[in-house]
Amino acid sequence: MVAITIQALDAARWQEIKRRCAGAIGSLVELLEGKLSKGVMQVVASKGDGLFPEPGELKLGCSCPDWARMCKHVAAVLYALGARLDLRPEALFLLRGVDPSEMVEAAVLGGSRSGSTPELECDDLAALFGIDLGESETPASTRQPSKKKAP
């Protein structure tokens, strides 16, 4: 039996990856669909500070009698894992125990704000959402509630 354990990504390293990716996300829609832009891939695949595990973050094991740390069975599983990552690169986030939607949050909100409520920094909601709010002549706070007519 082959067992490969990949250590979860350190929280500080994940925060740094999100910060670096925030400016590299070409399309939030593509990221939400699991497609990683070239800029994000460069950050994610960066040696030493990306998502790929370092040798010390991997534990490899096999029940075969081979004395090598990486027997042919472990090598085959790692090869298959690499092939799967080629097809679904977003699976790397799962393997490292992080949520890729946090990257979207970091890109949209300018960084992770754990423990706080996100706030939009915009006074013009109509412009922000690209809609006509149909401004009335009477501000909402001064409107009188409509009186119901008795039947």
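Because only heavy atoms are used, hydrogens play no part in the values below, and waters and symmetry mates are left out as well, while side chains stay in. The residues of the chain are indexed from 1 along the displayed sequence.
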**Student:** List the atom of Phe93, the atom of Val44, and the distance in Å for their closest heavy-atom pair.
**Tutor:** CZ-CG2, 4.3 Å
**Student:** Given the rule in the side chain to side chain contact (heavy atoms under 4.5 Å, CB included) test, do Ile17 and Val98 qualify, once you have shown the distances and angles that lead to the verdict?
**Tutor:** CA-CA 11 Å; Ile17 289 171; Val98 294; over 6 Å; no
**Student:** How close do Ala75 and Met70 get, counting heavy atoms only, and between which atoms?
**Tutor:** N-CG, 4.0 Å
**Student:** Applying side-chain hydrogen bond (donor to acceptor under 3.5 Å, both in side chains), name anything that partners Asp66, two or more places apart in sequence or on another chain.
**Tutor:** none
**Student:** Once side-chain contact (heavy atoms from CB on, under 4.5 Å) is applied, do any residues pair with Glu57, and if so which ones, sequence neighbours excluded?
**Tutor:** Gln7, Arg13, Pro53, Glu54, Arg96
**Student:** Please say which of Cys62, Ser63, Pro65 ends up in a side chain to side chain contact (heavy atoms under 4.5 Å, CB included) with Cys71.
**Tutor:** Cys62
**Student:** Taking all atoms of both residues into account, what is the closest heavy-atom pair of Leu81 and Leu95, and its distance?
**Tutor:** CD1-CD1, 3.6 Å
**Student:** Please tell me whether Ile6 and Leu94 are part of a single hydrophobic cluster in this structure, the criterion being side-chain heavy atoms less than 4.5 Å apart.
**Tutor:** no
**Student:** Do Asp49 and Arg20 make a side-chain contact, defined as non-hydrogen atoms from C-beta onward lying under 4.5 Å apart?
**Tutor:** yes
**Student:** If I compare all heavy atoms of Leu9 with all of Gly50, which pair ends up nearest, and what's the gap?
**Tutor:** CD1-O, 4.2 Å
**Student:** Of all residues at least two apart in sequence or in a different chain, which pass the side-chain contact (heavy atoms from CB on, under 4.5 Å) check with Val77?
**Tutor:** Val2, Ile4
**Student:** How close do Asp99 and Trp14 get, heavy atom to heavy atom, and via which atoms?
**Tutor:** O-CZ2, 3.3 Å
